[in-house]
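Please read all numbers here as calculations on a predicted model, not as lab measurements.
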Amino acid sequence: MKSKLVIFFVFVATCLSAQEMRKDTLLDKNQAIDLVLRNNFDIEVSENNLEIADNNQGILNSGYLPTLSSRFGYDFSLQDRLAEVEGREPIDQNDLETRSYRASLDLNYTIFDGLGRLYNFKSLKEQYNLSELEVRETIENTLIQMFTVYYEVARLYENLQILEQTMEISNDRVKRSNYQFEFGQSSKLIVLNAEVDAANDSINLIDARQNLENTRRDLMLILNTEFENDFKVDTLVNFIPELLISKYIEKAEENNVSLLKVERNLTISDYDIKISRAGYFPQVDLFGSYGWNRNISPESPFFPGSTQTLEGVSAGVSLSWDLFDGGQTAVRVQNAKVDYKTQEVLKDQIKFQVKRDISNAFNNYKNRLYIYELQEQNVITNTNNFERSKEQFSIGQITSIEFRQAQINLINAQTSRNLAKYDAKIAELQLLQLTGQLLNIDF
């Protein structure tokens with residue numbers, strides 16, 4: 001029964017290995033970036049918000065253009081009239097119609113409003129710049145999220161290859177143990193140990209395959225894309241030289257998106273103060289109008305019915321000045337000043353936070369990179385140890401248990417190396433995001 005179970009696991013693992021060899025569709029980093037930029041929901045929403053901000057900063061929303069309006073009207077009345085004049089008979093008139101037609105074209109333009117319009121226009125442009133930074137921040141966060149899953153797919157794929165190689169070695173060990181048992185060179189216990197190890201390797205291979213498939217689907221969710229066939233990702237990882245990283249850190253205050261956003265908010269708050277102060281000044285408006293009126297009146301006891309038409313233009317300048325508005329303008333100015341102080345406090349806070357985060361991220365990156373280098377050396381050491389153990393096992397100088405331990409040590413070293421490699425790369429990307437260089441590098 002146990003031998004049949006081992007054969008089943010070996011068969012499944014062989015099928016999975018063959019299936020994996022057919023999956024040659026490569027999703028490289030640039031393709032993944034292109035897909036996430038085009039399809040990700042969060043990025044799409046932020047870009048829509050940017051489009052709204054772009055509309056708001058245009059001349060049509062500036063208040064600098066005049067307004068032109070038209071008015072049309074028609075009045076109708078039907079009345080009965082009883083006129084009583086001293087010394088005369090009363091005059092009774094029924095169904096007297098009065099009609100009035102009117103039309104006008106009105107032009108209004110604000111010449112001066114205390115410069116509130118000017119600073120509001122500048123504020124809208126700064127809000128657009130702020131929206132651009134928010135889009136950039138969304139893209140950076142999404143890329144970090146995407147690469148975290150992308151490199152997890154790469155790690156699991158490399159682990160799967162390791163387990164496939166392990167499965168081949170375990171299958172060969174089972175065959176060798178059976179041959180040795182048939183020729184009386186080993187005991188049945190050695191055969192059973194080899195079969196148990198092969199079964200465990202098959203289970204690990206199946207689990208690794210399932211984890212890889214699940215993580216692939218996670219990546220497709222972030223990319224908002226479905227692939228008809230399974231795919232592989234690029235497992236090649238390059239690291240930026242530490243000297244260049246140091247230069248990025250030196251210019252972090254100029255490029256960090258959080259610091260740039262708070263600078264924009266400071267500028268907007270300064271404009272809000274100036275906009276509020278506009279309430280202290282008078283407003284000068286220019287207006288012009290073209291009008292047409294036509295009135296049709298019924299006759300009266302003293303006057304005949306008449307039709308009167310008026311047509312003409314009018315223009316003028318008006319000045320309005322709220323000498324005292326109950327203190328509302330003063331309150332708005334005070335609140336705007338307090339908001340500006342708040343933005344200054346936030347700037348100092350964010351500046352300290354970014355400095356701390358960069359220091360932590362840089363130390364984490366260096367540690368991760370150092371661990372990766374150690375794991376690389378550890379793989380070399382364990383590979384040499386395994387090759388030597390394999391030779392000794394083939395000539396019977398070590399037991400199957402010792403050989404299996406060397407095999408497990410190599411597997412652990414290889415998988416730990418894979419984990420360290422991608423941990424170091426993610427740490428590098430997080431550091432680049434904090435220094436404001438994530439979108440400026442070649443992935």
* To do: May I ask you to decide whether K122 forms a salt bridge with E126, counting only side-chain N to carboxylate O separations under 4.0 Å?
  => no
* To do: Sorted by first residue and then second, give each salt bridge (Lys or Arg N to Asp or Glu O under 4.0 Å) pair with at least one member in residues 46-63; sequence neighbours left out.
  => none
Which pairs would a plain distance check flag for residues 61-73, meaning a side-chain donor or acceptor within less than 3.5 Å of a matching protein atom at least two apart in sequence or in another chain?
from, atom 1, to, atom 2, distance (Å)
N61, ND2, N56, O, 2.9
S62, OG, I59, O, 2.7
S62, OG, Y64, N, 3.2
T67, OG1, N108, O, 3.4

* To do: Mark yes or no for whether N256, through its side chain, and L434, through its backbone, hold a donor-acceptor pair below 3.5 Å.
  => yes
* Asked: Is the side chain of N204 donor-acceptor paired with the backbone N or O of N200 at a distance under 3.5 Å, no angle test?
  -> yes
* Would you tell me whether T142 and D42 have side-chain atoms, one donor and one acceptor, within less than 3.5 Å of each other? => no
* **F287: ring pair (Phe, Tyr, Trp, His ring centres under 6.0 Å) partners, not counting sequence neighbours** => none
* **Listed partners of Q308 passing side-chain hydrogen bond (donor to acceptor under 3.5 Å, both in side chains), at least two apart** => none
* Qualifying residues under salt bridge (Lys or Arg N to Asp or Glu O under 4.0 Å), relative to E44, sequence neighbours excluded -> none
* With sequence neighbours left out, what residues match Y109 under ring pair (Phe, Tyr, Trp, His ring centres under 6.0 Å)? -> none
* **Basic-acidic side-chain contact under 4.0 Å: E344, K347** => no
* Asked: Applying ring-ring contact (aromatic ring centres under 6.0 Å, His included), which residue pairs with at least one partner in residues 25-62 are found, sequence neighbours left out?
  -> none
* Not counting sequence neighbours, list each pair that qualifies as a ring-ring contact (aromatic ring centres under 6.0 Å, His included) and has a residue in residues 242-280. => none
* Asked: Among pairs that include at least one residue of residues 421-442, which meet side chain to side chain donor-acceptor pair (under 3.5 Å), considering only residues two or more places apart or in two chains?
  -> N141-Q433, E158-K421, E158-Y422, Y365-E428, K425-E428, Q437-N440
* Asked: Can you list every salt bridge (Lys or Arg N to Asp or Glu O under 4.0 Å) pair that touches residues 318-336, not counting sequence neighbours?
  -> none
* To do: Identify, with sequence neighbours excluded, every residue that meets salt bridge (Lys or Arg N to Asp or Glu O under 4.0 Å) alongside D34.
  => R38
* **Partner residues of T225 under the side-chain hydrogen bond (donor to acceptor under 3.5 Å, both in side chains) criterion, sequence neighbours left out** => N39
